[in-house]
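Below: one structure, written as structure tokens.
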Amino acid sequence: MATPMTADQWLAALRAEGVTDIVEMPGWRTHNRNGRGAWGDVHATMVHHTAGEGSGLADYCYRGNADLPGPVCHDFLARSGRLYLVGNGRTNHAGKVARNAYDVVLNERSVHPAPGPDELDGNAVSYGLEVENSGAEGRAWPAKQYDVAVRVQAARCRFHGWSADSIWAHKEATRRKPLDPRIDMNAFRRAVAERLKHPPSWNPGQTTPPLEENDVPLTDAEMNKIADLAAAKTWATAWKSPTDPEGPTRSAATFVRWADSRHQRVMTQLAALTAAVEALTKLVGEDVDTDQVVAAVQAAIRDAVIKVDVDINGTPAA
Ligand SMILES: [Zn+2]
């Protein structure tokens with residue numbers, strides 16, 4: 001349920017939706033059948049084919065004929081994908097429609113039953129897009145034309161806050177037009193629904209929003225690779241020695257290896273010193289000469305250094 005959009009609103013909505021090849025037919029902004037019947041509120045937007053092809057179709061849509069005065073639609077979409085703005089207001093595109101068909105679009109239901117008898121004034125409640133196509137079996141809509149048709153109907157739905165289920169085909173609205181148009185309308189509505197999930201500037205095949213890429217989890221292999229690179233970078237960090245600020249810079253790994261070897265030397269010297277003190281303590285008060293003292297201390301240091309060497313180097317390296 002909605003107030004029909006103005007001409008300016010319609011143009012802006014089309015351009016926002018990426019419809020750029022637009023021809024404004026002279027007088028289209030006030031070209032309508034408003035004096036011949038109701039117009040609005042609007043509840044739906046209809047898809048038609050022209051059941052013929054040729055260069056005169058835009059003019060035909062504007063003027064109509066003696067039996068069906070124009071405008072006979074709001075917009076005419078040529079096979080090239082060019083969109084002609086034909087009318088604004090009530091137009092002669094739908095005629096009478098079935099009540100059950102109208103109820104489907106009014107309530108935005110997705111299942112379209114076979115239309116019942118014509119009862120309602122479809123021109124009062126629905127926009128209408130005419131798409132140039134002969135209607136012959138197997139006569140496809142070119143990809144560009146189809147894409148523009150999807151954009152046109154998405155623009156109307158987006159403006160009014162409708163879902164794609166506000167779109168109906170003439171063949172879904174009346175028994176009089178069983179092939180109008182031949183396209184799969186459910187697929188068409190799905191294409192419009194997909195558009196409506198994205199901003200109007202979206203193009204099919206384009207991923208939005210790109211933020212979702214951040215949510216992709218890393219595999220274990222990727223995590224291990226990152227961890228290995230981080231570790232390698234950490235150990236390669238260049239440092240100056242805190243006790244030798246004027247000396248060369250060395251990697252963190254070199255410092256660790258140097259500290260490990262220095263630690264072993266210190267432990268060996270400590271063991272030797274401890275053994276020497278213990279040997280001297282045992283000799284206190286004994287009647288021994290200097291040579292005996294030196295021999296006893298050297299023997300104690302030798303045993304201790306061998307022992308500390310076994311303790312350190314016999315321990316499996318981590
Ligand atoms: Zn039709």
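Indexing begins at 1, ligand by ligand and atom by atom, following the structure's order.
The structure places CZ of Phe159 at 11.5 Å from CG of Leu14, a figure rounded to the nearest 0.5 Å.
Around the CZ atom of Arg158, the shell of radius 6.0 Å holds more than 12 heavy atoms that belong to other residues, nucleotides or ligands.
Restricting Asp180 to its N, O or S atoms, the one at the least distance from the Zn ion (ligand 1) is OD2. The Zn ion (ligand 1) is closest to atom ND1 of His170 (considering only N, O or S atoms). With respect to the Zn ion (ligand 1), His48 has ND1 as its nearest N, O or S atom.
Tested against Asp121 for a salt bridge (charged side-chain N to carboxylate O under 4.0 Å, His left out), the candidates Arg90, Lys96, Arg99 yield a single pass: Arg90.
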Given the rule in the side chain to side chain donor-acceptor pair (under 3.5 Å) test, do Asn123 and Trp39 qualify, once you have shown the distances and angles that lead to the verdict?
CA-CA 7 Å; Asn123 294 330; Trp39 173 235; over 6 Å; no
